[in-house]
Novice: 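Next up is a structure, given as structure tokens.
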Amino acid sequence: MSLDINRILRETFIVEVEQHETITSTNDRAAERAKQGAKNLPMLVIAESQTAGRGRGANRWWTGAGSLAFSLLLAPSDRDTEKTSLISLAAGLSVAEAVKPLLPNQAVGIHWPNDVIVGERKLAGILVEVLPQRHVIIGIGINTNNSLADAPHELRETATTIMELTGNRCDHTALMVALLGNMQRHLVTLLRSPEELAAAANEMCLQRGKLLTIISGGQTDTGLCQGISSDGALLLKTNAGVRSFYSGIAAISKKQ
Ligand code: BTN
């Protein structure tokens with residue numbers, strides 16, 4: 001794996017790195033380490049390939065050869081589970097800001113609650129899980145040096161990779177150092193001033209002004225996206241007025 005672990009340990013807030021060639025899921029391994037009482041936190045579990053990479057809900061995550069897949073295990077905290085969407089936004093912002101300099105003149109942003117988008121295609125996904133013992137796991141998959149030619153058919157129209165967009169391979173160590181620096185900063189902001197974090201996420205939200213359909217709590221709603229509110233909710237102007245959504249799967253509606 002072409003990753004300079006010493007540099008990551010030296011230049012970021014990460015205290016331990018566990019590296020795997022192949023693993024089922026870095027999120028599952030991070031949960032296992034938490035259960036075993038991992039002491040050196042924040043720790044990073046990183047893998048070249050995942051045999052059972054997980055996405056949100058029942059989704060799977062394609063870990064294409066050359067992509068980045070890792071999980072950050074954070075110490076148990078008093079961040080309540082309602083803040084999971086704010087942690088997702090902090091992670092999404094951290095990734096978006098880290099990849100932006102690599103993609104000049106491209107529309108890099110986030111889709112609430114947990115996708116990093118370039119144009120209309122998905123570059124990265126985030127899976128935040130809070131364990132019963134209150135450890136927080138932030139799982140991130142970024143399509144970096146992988147090729148869409150290797151992707152499952154259903155992803156070829158919706159996903160993108162840094163390699164596809166630029167024709168260049170990106171330096172994984174430099175990207176991780178930038179991303180983890182952003183993450184540390186945004187997690188501090190989240191504790192100190194969640195509104196500030198939500199405002200930064202709102203700035204980068206590419207769904208604003210689009211007609212969205214959201215499935216949340218078994219219900220489907222459609223409305224014009226008004227961005228992200230100061231408490232991290234997705235705001236939709238529906239027939240019943242402006243509504244806030246704190247969780248759910250949102251998709252851009254075809255009928256614009
Ligand atoms: C999504 O877009 O639905 C979230 C995808 C999250 C994928 C990452 S890859 C590293 C970590 N390990 C997993 O099993 N999933 C996350």
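Indexing begins at 1, ligand by ligand and atom by atom, following the structure's order.
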Novice: Sequence neighbours left out, what passes side chain to side chain contact (heavy atoms under 4.5 Å, CB included) with Arg169? Give chain and number order.
Specialist: Asn145, Met163
Novice: Just to verify, what does Thr160 make a side chain to side chain contact (heavy atoms under 4.5 Å, CB included) with, not counting sequence neighbours?
Specialist: Val118, Arg121, Leu123, Glu164, Leu165
Novice: Please report the interatomic distance CG(Leu3) to CG(Leu68), rounded to the nearest 0.5 Å.
Specialist: 7.0 Å
Novice: Pairs under 3.5 Å, N/O atoms on ligand 1 and on the protein: can you put them in a table with the distances?
Specialist:
unit_1	atom_1	unit_2	atom_2	d
ligand 1	2 (O)	Lys122	NZ	2.5
ligand 1	3 (O)	Arg56	N	2.8
ligand 1	12 (N)	Thr26	OG1	3.0
ligand 1	12 (N)	Gln50	OE1	3.0
ligand 1	14 (O)	Ser25	OG	2.7
ligand 1	14 (O)	Arg54	N	2.7
ligand 1	15 (N)	Arg54	O	2.7

Novice: When rounded to the nearest 0.5 angstrom, what is the spacing between OG in Ser25 and NE2 in His20?
Specialist: 10.5 Å
Novice: Name the residue from Val17, Leu72, Ile23 that meets the side chain to side chain contact (heavy atoms under 4.5 Å, CB included) definition with Ile46.
Specialist: Val17
Novice: Could you tell me which residues satisfy side chain to side chain contact (heavy atoms under 4.5 Å, CB included) with Arg243, sequence neighbours excluded, listed by chain and number?
Specialist: Asp221, Thr238, Phe245
